Amino acid sequence: MLHVDRISAATSVAALPGGEPTPPPFTVTSVFTETRLDSWLAVGLVLAAGVYLYGVHRLRMRGDRWPVSRTVFFLGPGLGGIALVTVSGLHAYDTALLSVHMVQHMVLSMISPIFLALGAPMTLALRTLPQRPRKRLLAIVHSRIARIYSFPLVAFAIFVVNPFALYFTDLYRFTLEHVWAHELVHAHFILTGCVFFWPLLGLDPLPGRWPYPARALLMLLSVPFHTVLGLTIMQSSTLFGGDWYPSLGLSWADPWDDQVLAGGILWAGGEFVSVTMLAVLVVQWMKQAERESRRIDRELDRQEARQRAAESAA
């Protein structure tokens, strides 16, 4: 009853950013029927996929090998994940339902950046670009700004602070009211996730990369962050965005229940991704230890062979 009173207190009915009408009740079919392909992000995704595939094609034309798994990771969960939450019908609900926005948050800042990193696009570019562009790319990668932002502690601070700065200030309401600001937040989520995950997991030649034990510890420290943020949203006594969601007048959605759902998505999804990432880092660490052990064994075998040859000659 209290929820109903709070919702009915909003007398004005707001339109979505850009003056678009409020969407119909959310269903599985809405993900397909509300799809739009006219956004700048859709164009960017198509261009990114085309450039990546062209690079793979150039490698194969000259007889070089590029792992199929990297291409699948980059195009599938990487770019495909971004498209799923921004180009599909979900985009029609990202300013109408906080829970949908949180799904976007999770995918854009945590899931897709991981698979983009596993696709190693920078390594592909360094192997296919001509000499002059390749030198410029290396200069950017090893620049002072890149070293600062890719330093794990700096990236971790940005990754942790950004959601609190967005959701607990008036900035979130501003992004709900302006299309360009909302899309800028999407791009910011992707960039923040790449800055955090690529130094930890990526295969690209980034400067100042930490050893695996330190990476695993940093990933472990990120687990409580999602718990705190998710529980804070679930237990909040105020609606995020002020009266924005009640003023939409959606008869099929309760803003308070949806906010609890949004916090639960962030809590459970964040912990799942963090624990999965921690497991991946441990597996990579073990594989690196095995490779190092085999390298040492080969070196010892070569030394023993040289010693035997020297004794035979003597």
Side-chain angles (χ1 to χ4, degrees), residues 3 6-7 9-23 26 34 36 38-44 82 85-110 112-113 149 155 157-196 225-226 228-250 253-263 265-267 269-270:
H3 293 177
R6 287 173 174 172
I7 295 173
T11 57
S12 61
V13 177
L16 295 181
E20 297 182 1
T22 55
F26 182 79
E34 299 295 322
R36 289 181 56 185
D38 57 351
S39 67
W40 62 270
L41 190 55
V43 176
I82 297 174
V85 296
T86 59
V87 177
S88 72
L90 286 178
H91 87 281
Y93 298 87
D94 59 1
T95 56
L97 296 173
L98 182 61
S99 57
V100 172
H101 172 79
M102 284 303 173
V103 172
Q104 289 181 323
H105 181 154
M106 293 298 305
V107 173
L108 297 179
S109 65
M110 296 194 68
S112 288
Y149 279 97
I158 296 174
F159 185 75
V160 170
V161 171
N162 272 341
F164 287 94
L166 174 64
Y167 298 123
F168 295 95
T169 65
D170 294 333
L171 179 60
Y172 182 63
R173 175 60 183 260
F174 184 82
T175 63
L176 292 174
E177 296 173 343
H178 300 84
V179 176
W180 65 269
H182 199 74
E183 293 185 348
L184 187 62
V185 167
H186 289 167
H188 181 69
F189 280 157
I190 299 171
L191 181 61
T192 301
C194 290
V195 167
F196 178 63
F225 148 70
H226 297 100
V228 172
L229 183 58
L231 288 176
T232 302
I233 294 174
M234 293 177 68
Q235 299 174 358
S236 176
S237 59
T238 59
L239 283 176
F240 285 72
D243 64 346
W244 172 264
Y245 293 110
S247 67
L248 295 178
L250 301 179
D254 184 343
W256 293 95
D257 292 340
D258 186 65
Q259 181 164 298
V260 173
L261 176 61
I265 290 172
L266 187 60
W267 175 17

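Here the structure is a predicted model, which is why all the values come from computation and not from measurement.
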Heavy atoms of G193 and P113 approach each other most closely as C-CB, 3.5 Å
Any idea which heavy atoms bring A92 and P23 closest together, and the distance?
O-CG, 3.5 Å
For residues S99 and I265, determine if any side-chain heavy atom of one lies less than 4.5 Å from a side-chain heavy atom of the other.
yes
Could you list all the salt bridge (Lys or Arg N to Asp or Glu O under 4.0 Å) pairs where at least one residue sits in residues 158-175, not counting sequence neighbours?
R173-E177, R173-D243
Report the residues that fulfil side chain to side chain donor-acceptor pair (under 3.5 Å) with H226, sequence neighbours left out, ordered by chain and then residue number.
none
Rounded to the nearest 0.5 Å, the CG atom of L176 sits from the CG atom of D94 at a distance of 9.0 Å
For Y167, enumerate each residue passing the ring pair (Phe, Tyr, Trp, His ring centres under 6.0 Å) test, keeping only those at least two apart in sequence or located in another chain.
H101, H105, Y172
Passes side chain to side chain contact (heavy atoms under 4.5 Å, CB included), F26 versus L90? Steps please.
CA-CA 9 Å; F26 182 79; L90 286 178; 3.7 Å; yes
Which residues share a side chain to side chain contact (heavy atoms under 4.5 Å, CB included) with I158, sequence neighbours left out
Y149, V154, N162, T192
Under 6.0 Å between ring centres: does that hold for W180 and F174?
yes
Hey, what do you get for CG (L166) to CG (L171), rounding to the nearest 0.5 Å?
5.5 Å
Go through the structure and list residues passing side chain to side chain contact (heavy atoms under 4.5 Å, CB included) with E183, not counting sequence neighbours.
W40, V179
Calculate, to the nearest 0.5 Å, the distance between atoms CZ and CD belonging to F189 and Q104 respectively.
8.5 Å
Using modelled atom types and a 3.5 Å cut-off, is there a donor and acceptor pairing between side-chain atoms of H91 and backbone atoms of S88?
yes
Does any non-hydrogen side-chain atom of V107 lie less than 4.5 Å from one of I82?
no
Would you compute the distance between atom NE2 of H186 and atom NE2 of H188 and round it to the nearest 0.5 angstrom?
12.5 Å
Check side chain to side chain contact (heavy atoms under 4.5 Å, CB included) between L239 and all other residues, then give those that pass, not counting sequence neighbours.
P246, P255, W256, Q259
By side chain to side chain contact (heavy atoms under 4.5 Å, CB included), which residues pair with L229, not counting sequence neighbours?
P163, F164, F168, F225, I233, L266
Minimum heavy-atom distance between W267 and L231, given as atom pair plus value
CZ3-CD2, 3.4 Å
Are the side chain of T232 and the backbone N or O of V228 linked by a donor-acceptor pair below 3.5 Å?
yes
Separation between CG (L250) and CG (D258), nearest 0.5 Å, reads 9.5 Å
Could you grab the distance from atom CZ of F159 to atom CE of M110, nearest 0.5 Å is fine?
4.5 Å
